[in-house]
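Structure record follows, encoded as structure tokens.
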2 protein chains.
Amino acid sequence: MTTLASATELLVTVAEPTRLRILNCLAAAPLFVSDLQDVLALPQPTVSRHLTVLKKAELVRDTSVAPFVLYRLCRDPGPQGRLVKAILESLGSETEFRRERSLALERSRKRGASEVKR
Amino acid sequence: MTTLASATELLVTVAEPTRLRILNCLAAAPLFVSDLQDVLALPQPTVSRHLTVLKKAELVRDTSVAPFVLYRLCRDPGPQGRLVKAILESLGSETEFRRERSLALERSRKRGASEVKR
DNA sequence: TAGTCATATTCGCCGCGACGAATATGGCCG
DNA sequence: CGGCCATATTCGTCGCGGCGAATATGACTA
């Protein structure tokens with residue numbers, strides 16, 4: 001459900017500052033909840049709540065790995081997909097977003113290609 | 001002021017359903033407040049309030065004509081501009097947005113090229 | 001200058017959604 | 001099976017933002 005019917009819903013979902021930061025990080029690399037928690041310096045329930053919203057909106061997928069849950073962007077095509085892409089690209093012009101993105105990337109690398117499974 | 005510093009602010013501004021509808025209409029043609037009022041079937045104060053927000057965000061310009069005020073999109077370049085463009089383009093895939101857009105265009109034509117001044 | 005038309009603004013209310021704290025779930029390992 | 005780890009969920013609260021109704025502004029005309 002909630003296949004993100006309209007562009008309005010997409011925008012409302014994405015316009016939340018914290019959710020946008022999360023998406024920005026996931027655009028750099030797939031991440032665990034704990035990674036996002038650290039990179040964004042947010043309490044864990046906050047991260048989980050927003051991830052749930054993003055998942056319902058089909059902007060994000062999760063795959064459970066051990067006691068962790070790995071989140072990644074959905075690469076969905078269609079008109080919405082292009083919009084999401086445009087939004088994420090536009091974040092590249094802001095220092096703070098670039099900074100968090102590289103923190104995220106670093107995070108994902110630090111743990112090596114070991115858990116980069118399914 | 002409020003030169004719409006960040007992409008976050010832009011998204012928050014645009015994610016409001018009524019404001020998005022207004023932008024959608026203005027993407028079709030410059031319009032008077034009363035036009036928007038009719039096309040979108042909204043009370044006048046509502047339209048004015050949202051236009052004020054859009055103006056502060058520099059998404060919209062207004063030029064006073066007689067006892068009317070003509071609103072039109074800002075054609076701003078830069079990274080933000082491309083994002084706005086992408087958003088407006090994405091609306092083309094939804095029937096309701098296309099419908100209102102053509103109503104707006106029709107409106108603007110009906111009054112002829114007479115008041116299409118500055 | 002009084003009246004009128006289009007638009008702008010104020011005020012008070014209400015609802016949605018984000019948050020913090022606490023708690024629940026659920027899988028592994030000893 | 002008990003405990004622990006990462007994550008999910010609930011609950012109550014609170015603030016932001018949109019709305020309707022009423023009113024203000026401001027320009028033009030007679």
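Just so it is clear: chains get the letters A, B, ... in the order the sequence lines come, proteins before strands, and each one is counted from 1. A quick note: this is a predicted structure, and the numbers were derived from the prediction, not measured.
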task: Starting from P on D:dT7, measure out to NZ on A:Lys55 and report it in whole angstrom.
output: 12 Å

- prompt: A:Phe68 has an atom CZ; how far is it from atom P of D:dC5, in whole Å?
  reply: 11 Å

- prompt: Please give, in whole Å, the distance from D:dA6 P to A:Leu51 CG?
  reply: 16 Å

message: Looking at A:Ser34, I'd like to know whether one of its side-chain N or O atoms comes within less than 4.0 Å of OP1 or OP2 on D:dT7.
response: yes

query: Just how far is it from atom CG of A:Leu91 to atom CG of A:Leu20, taken to the nearest 0.5 Å?
result: 5.0 Å

query: Once you round it to whole Å, what is the distance between P of D:dA8 and NZ of A:Lys56?
result: 12 Å

Taking only distance into account, with no hydrogens and no angle test, what donor-acceptor pairs under 3.5 Å do side-chain atoms of residues 21-28 of chain B form with protein atoms, sequence neighbours excluded?
unit_1  : atom_1 : unit_2   : atom_2 : d
B:Arg21 : NE     : B:Glu100 : OE1    : 3.2
B:Arg21 : NE     : B:Glu100 : OE2    : 3.0
B:Arg21 : NH2    : B:Leu40  : O      : 3.3
B:Arg21 : NH2    : B:Glu100 : OE2    : 2.6
B:Asn24 : OD1    : B:Arg101 : NE     : 2.7
B:Asn24 : OD1    : B:Arg101 : NH2    : 2.7
B:Asn24 : ND2    : B:Phe97  : O      : 2.8

query: How many angstroms lie between atom CG of A:Leu54 and atom SG of A:Cys74, to the nearest 0.5 angstrom?
result: 9.5 Å

message: Any side-chain N or O of A:Thr52 below 4.0 angstrom from OP1/OP2 of D:dT9?
response: yes

- line: Protein heavy-atom contacts under 4.0 Å, written 5' to 3' over nucleotides 13-30 of chain D as B (base), S (sugar-phosphate only) or - (none), form the string -----SBBBB--------

query: In whole angstroms, how far is the C1' atom of D:dT7 from the CG atom of A:Leu31?
result: 15 Å

message: For B:Asp76, give me all partners under side chain to side chain donor-acceptor pair (under 3.5 Å), at least two apart in sequence or on another chain.
response: none

- prompt: Can you tell me how far the CG atom of B:Leu11 sits from the CD1 atom of B:Ile87, to the nearest 0.5 Å?
  reply: 5.5 Å

field: Minimal non-hydrogen separation, B:Leu105 against B:Ala29, with atom names
entry: CD1-CB, 4.2 Å

- line: Atom CG of A:Asp62 and atom P of D:dA8 are separated, to the nearest Å, by 7 Å

- request: Please state whether the phosphate of D:dA8, meaning OP1 or OP2, lies under 4.0 angstrom from any side-chain nitrogen or oxygen of A:Tyr71.
  value: yes

Length of the CD-P vector between A:Glu9 and C:dC16, whole Å: 15 Å

- prompt: Does B:Glu106 come within less than 4.0 Å of B:Arg109, counting only side-chain N to carboxylate O?
  reply: no

- prompt: In whole Å, what is the span from the CG atom of B:Leu54 to the C1' atom of C:dA8?
  reply: 15 Å

